[in-house]
Amino acid sequence: MADQIFETVVTTCSAAGAVHVAPMGARYVGDEVVLMPFKPSTTLDNIVGTGVAVLNLLTDVRVFAGCVTGRREWSTVPAGEVDGARAVRLACALGHAVLRLVEQREDAQRPVLRLARVHEAQHAPFRGFNRAQAAVIEGAVLISRLHMLPAEKIDGEMRYLQIAIDKTAGPAELEAWEWLQQAVARHRAAQARVAG
Amino acid sequence: MTRLLVSVRDADEALAAAGAGADFIDLKDPAAGALGGLAPARIAKIVPVLRARCPEIPISATVGDLDAHERETILRRVADVAACGVDYVKVGVSPCAAAAPLLSALARCGAPVVPVLLADLGVDAALVEAALRQRAFPALMLDTSDKRGGSLLQRVPVEVLARFVALVQGWNCLAGLAGALRADDAAALRKLAPDFAGFRSAVCEGGRAGPLDPQRVRGLRLRLAMFTVGSRPRPAHTQSEDRARA
């Protein structure tokens with residue numbers, strides 16, 4: 001069986017204090033959180049550099065769609081300190097966990113980071129599954145692979161995901177979906193060979 | 001028809017170029033070298049401004065002038081720039097022993113990379129083939145690193161450029177030409193018919209480090225699109241330009 005992976009957003013800070021927001025799959029092993037950021041990446045540098053990360057659980061899927069389409073400015077609020085290192089969480093997080101790095105297993109492409117939960121807090125209730133939110137997450141993954149996938153596959157998947165958007169989206173999901181559709185349109189426009 | 005890629009260094013220039021009919025916006029710092037890169041933090045600020053006003057325009061950004069031997073540094077910059085949410089990441093590749101291994105690393109990095117082969121010393125056909133064989137790049141470009149040596153069209157024989165365009169397009173990859181291209185090169189570019197042509201100095205006042213002039217972008221857009229027989233209708237902005245001239 002494949003590892004169960006949860007779509008989260010990880011917020012980290014550089015040693016200089018610059019905040020970095022990145023969607024990331026998380027695995028839960030016992031009480032610990034396992035992250036596998038790509039190498040090289042700012043998230044990896046920040047976690048290794050400061051020993052701290054914050055796991056954000058959220059249903060505002062605009063963050064996921066925004067990060068893959070050039071909208072990276074999401075408001076954050078302080079979430080305390082760990083051994084003097086600053087932690088911030090997303091303002092829109094339903095809940096967050098402040099994490100401390102306990103083990104780093106080297107890998108040429110994706111090092112495995114084991115993190116312990118230092119502090120956890122809930123800010124808003126989880127209101128249940130929303131299919132449009134799931135569709136936006138799937139769409140965001142698709143958009144990050146646009147240049148590797150054939151046009152028919154992209155169209156087919158977007159058409160299928162559109163059903164859940166049409167039936168169950170709220171304003172935030174519609175906005176996020178529009179960003180993803182624009183990304184597909186840009187890709188299409190760029191790749192088209194213009195006649196004449 | 002050849003589309004127009006315009007290199008800009010900030011949000012104001014990006015919006016001006018997009019408004020004047022540029023088909024692609026390319027983020028770079030002309031003062032920092034041929035493919036001078038803007039800091040990712042600056043790219044991350046420009047992209048959302050452009051997305052909000054012109055969501056339809058594809059954006060590329062360069063990683064900066066880096067030697068092909070600095071593979072780790074290049075891959076890190078590619079990841080940083082791609083994380084800004086641009087559509088394409090341009091990476092300059094000069095012909096040398098490290099070029100082919102760099103191309104295969106770029107092909108596997110997961111980001112939408114457009115290799116820009118530096119053609120100051122000619123076009124390395126084997127390197128072009130090596131890049132195409134990866135089947136991982138949405139486009140392939142030629143550019144020059146020393147902008148003082150004249151336009152790409154003065155530096156590289158036109159039949160060599162024609163072979164490059166044909167070869168790249170034959171692999172169903174987009175072919176792009178750049179390198180101190182002048183407005184006067186438009187006629188030759190129309191004949192070569194690359195998928196896009198990149199400009200900086202020709203759309204600026206007083207050279208590539210000077211401010212962008214939207215009027216020159218408009219003029220160039222028209223000259224690139226002119227006299228194409230049997231072409232599809234032009235986008236609305238150039239049609240209005242035609243009326244203004246008539």
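We name chains A, B, ... by the order of the sequence lines, and we start the count at 1 in each one.
- Remark: A:Y160 OH is loosely packed, at most 12 non-hydrogen atoms of other residues, nucleotides or ligands lying under 6.0 Å away.
- Enclosure of atom CD in A:E106 by more than 12 non-hydrogen atoms of other residues, nucleotides or ligands within 6.0 angstrom is indicated.
- Taking each heavy atom of A:T69 and B:V47 in turn, the nearest pair found is O-CG1, 4.4 Å.
- Counting heavy atoms of neighbouring residues, nucleotides and ligands inside a 6.0 Å radius, atom CZ of B:R53 does not exceed 12 of them.
- Between the NZ atom of A:K39 and the CG atom of B:L75 there is a distance of 11.5 Å, given to the nearest 0.5 Å.
- Chain B forms the most heavy-atom pairs under 4.5 Å with one residue out of A:R145, A:H20, A:R72, A:E73, and that residue is A:R72.
- Looking at A:A190, both its backbone and its side chain come within 4.5 Å of chain B, counting heavy atoms on both sides.
- Open room surrounds CD on B:E72; 12 or fewer heavy atoms of other groups in view lie less than 6.0 Å from it.
- In this structure the side chain of A:D45 reaches within 4.5 angstrom of the side chain of B:R76, judged on heavy atoms.
- You'll find the side chain of B:L174 reaches within 4.5 Å of the side chain of A:Q191, heavy atoms only.
- Proximity of B:N172 to A:R193: side-chain heavy atoms (C-beta onward) are separated by under 4.5 Å at one or more points.
- In terms of modelled atom types and a separation under 3.5 Å, the side chain of A:H147 and the main chain of B:V113 share no donor-acceptor contact.
- A side-chain contact (heavy atoms from CB on, under 4.5 Å) with B:P55 holds for exactly one of A:Q181, A:E178, A:Q182; it is A:Q182.
- No part of B:A139 comes within reach of chain A, as not one of its non-hydrogen atoms sits under 4.5 angstrom from that chain.
- Around atom CD of A:Q109, no more than 12 heavy atoms belonging to other residues, nucleotides or ligands sit under 6.0 Å away.
- For chain A, the option among B:A41, B:A79, B:C84 with the highest count of heavy-atom pairs below 4.5 Å is B:C84.
- For B:Y88, the part sitting under 4.5 Å from any heavy atom of chain A is the side chain, from C-beta outward, and nothing else.
- In A:D31, the CG atom is not crowded: 12 or fewer heavy atoms of neighbouring residues, nucleotides or ligands sit closer than 6.0 Å.
- In this structure, chain A has a heavy atom under 4.5 Å from the backbone of B:C173, while its side chain stays farther away.
- Using a 4.5 Å heavy-atom cutoff, the side chains of A:R71 and B:R51 are in contact.
- More than 12 non-hydrogen atoms from other residues, nucleotides or ligands lie less than 6.0 angstrom from CZ of A:R117.
- Only the side chain of B:R3 comes within contact range of chain A, judged by heavy atoms closer than 4.5 Å.
- For chain A, the nearby part of B:I57 is the backbone; its heavy atoms alone come within less than 4.5 Å.
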